[in-house]
Amino acid sequence: MLSSAACLISSRVSSSVTLHSMEDQSPKPIRCKAAVCRAAGEPLVVEEIVVDPPKEYEIRIKIVCTSLCHSDITFWRAKVATSFPRILGHEAYGVVESVGEHVEGFAAGDTVVPTFLGQCDHCPGCASEHNNLCTTVPFVFGPGMRRDGTTRFRDAHGNPLHDLVAVSSFSEYTVVDVTQVVKIDPAVPPKLACLLSCGASTGVGAAWRVAKVQPGSSVVIFGLGSVGLAVAQGAKMCGASKIIGVDMNPDKEEVGKSFGVTHFVNPSQLGNSSVTEEIAKLTGGGADYSFECIGVSSVMTDAFTSTKPGKGKTIILGLEKDNEPISLPSLDLLSGKCIMGSYFGGLKPKTDVPTLARKCMNKELELDGLVTHEVGLQEINTAFDLLLQGKSLRCIIWMDKDK
């Protein structure tokens, strides 16, 4: 059964201003509020927009809450896929408002999370145990729905608004491809479900699915933001005995401990010693697993050189902020070390996100502490300020908080 909160949300969906006629019950355009980014690096503007009905294989979602990820900052700064005006946001929780033709398994009122990565369950990528990249509806950075390349958003003057990774959750309503929608147990708290839509799943999955961290092993995490702390939880869940956090912010030492970090290294306090040397001392020659969660090419190199010769595995989770290439010592590669990237922590969204939700509900994973601030949609620029100033991990943005 739906929780009381989900029932209330569902009732709001059913009474939304879709302007259905008695004769035609098909979905109609919806007018709602969204935070629009008009130009790179400028404050977002909350304005009225129009969200088109879902087309074939699409679902329109009423967003309950969303959160701000560092990837949103990268797109906001126009470091990749520079298209404006644009509705950002890709980590969210909501309720199905309507579905397009050929959508199966979803109905109005279902509680869901959108994901930037899709899962069709039929293509070679989805069928493989070693791949989570769907080829039926492949992931692209550029704007546009992935089946036809068009947008479902218009401003009050009828001008098109670009989406972000075909999600755009900084809007009261959005339209997402069915392959990118995961049904979630309504008993899962909205804030927690929201985290599993991207950042928390990426971090836990990187340790669990990509690195396959072994019991008793050593782990080093570069960057103790929300993704890095989720990696720590994933490594702890897998039984790692030594989890080292590396961060320039001294406040992250205590924060890291609450997520399972056993040792803390602040590069600014090492004197003449390098991070790699310090990690070697703590691990007896190098970590078994290393995770880069910042998105800086020089740190990616440090993460790689900090692993154990012959077996060290480095996982890159940060999107390089300036599109700079990575430089790696070839002898380290020849020694048997490996480096790999990962979208969404190697998870298959529809398969693995519900599993992580159950682990959270059973307290096998404790991710609630990632939420440090909560604001309403009208205060969304405050969320940007908090993240840019290093004062927040995840800031939850509630769509109805101001109403």
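Starting from 1, each residue takes its place in the sequence as its number. Predicted, not measured: the structure shown is a model, and the values here were computed from it. Atoms considered below: every heavy atom in the structure, side chains included; atoms not considered: hydrogens, waters and symmetry mates.
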Search all heavy atoms of [X] against all heavy atoms of [Y] and return the closest pair with its distance.
X      : Y      : answer
Leu224 : Lys252 : O-NZ, 3.1 Å
Ser241 : Thr262 : O-CG2, 4.2 Å
Lys350 : Val178 : NZ-O, 2.9 Å
Pro138 : Thr135 : CD-O, 3.5 Å

(message) Determine whether a donor-acceptor pair (N or O, by modelled atom type, separation under 3.5 Å) exists between the side chain of Glu58 and the backbone of Asp177.
(response)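 No; zero donor-acceptor contacts below 3.5 Å.
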(request) Determine yes or no for a side-chain-to-main-chain donor-acceptor pair under 3.5 angstrom, with Ser274 supplying the side chain and Glu277 the backbone. (result) yes
Does [X] pair with [Y] as a salt bridge, N-O distance under 4.0 Å?
X      : Y      : answer
Lys191 : Glu374 : yes
Glu254 : Lys257 : yes
Glu47  : Arg38  : yes

(message) Is the positively charged end of Arg147 above the ring of Tyr57, judged by distance under 6.0 angstrom from the centroid and angle within 45° of the axis?
(response)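 The answer is yes; both the distance and angle limits are met.
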(request) Establish, yes or no, whether the cationic atom of Lys337 lies under 6.0 Å from the six-membered ring centre of Phe304 and within 45° of the ring axis. (result)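 Yes - Lys337 lies over the ring of Phe304, closer than 6.0 Å to its centre and within 45° of its axis.
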(request) Inspect the surroundings of CD in Glu104 and state if more than 12 heavy atoms from other residues, nucleotides or ligands are less than 6.0 Å away. (result)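 12 or below, so no.
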(request) Count the heavy atoms belonging to other residues, nucleotides or ligands that lie under 6.0 Å from NZ of Lys313, then report whether that count exceeds 12. (result)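 More than 12 heavy atoms, drawn from other residues, nucleotides or ligands, come within 6.0 Å of this atom.
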What's the spacing between [X] [atom1] and [Y] [atom2] if we round to 0.5 Å?
X      : Y      : atom1 : atom2 : value
Ile184 : Ser197 : CD1   : OG    : 9.0 Å
His263 : Ile279 : NE2   : CD1   : 10.0 Å
Leu387 : Asp72  : CG    : CG    : 9.0 Å
Ile63  : Leu377 : CD1   : CG    : 11.0 Å
Ile30  : Cys32  : CD1   : SG    : 7.0 Å
Ile315 : Ser290 : CD1   : OG    : 8.5 Å

Do [X] and [Y] pair up side chain to side chain, a donor and an acceptor below 3.5 Å, judged on atom types alone?
X      : Y      : result
Arg358 : Thr355 : yes
Ser392 : Thr372 : no
Asp163 : Thr151 : no

Side chains of [X] and [Y] in contact at under 4.5 Å (non-hydrogen atoms):
X      : Y      : result
Leu367 : Gln233 : yes
Trp208 : Leu347 : yes
Glu91  : Ser169 : no
Ile73  : Phe384 : yes
Tyr173 : Glu97  : yes
Ile316 : Ile339 : yes
Phe222 : Phe291 : no
Val246 : Pro267 : yes

(request) Determine the interplanar angle of the Phe116 and Phe139 rings, folded into 0 to 90°, and report it as parallel if under 30°, tilted if 30 to 60°, perpendicular if over 60°. (result) perpendicular
(request) Determine, stepwise, if the pair Gln119 / Asp121 fulfils side-chain hydrogen bond (donor to acceptor under 3.5 Å, both in side chains). (result) CA-CA 6 Å; Gln119 181 182 345; Asp121 283 333; 2.6 Å; yes
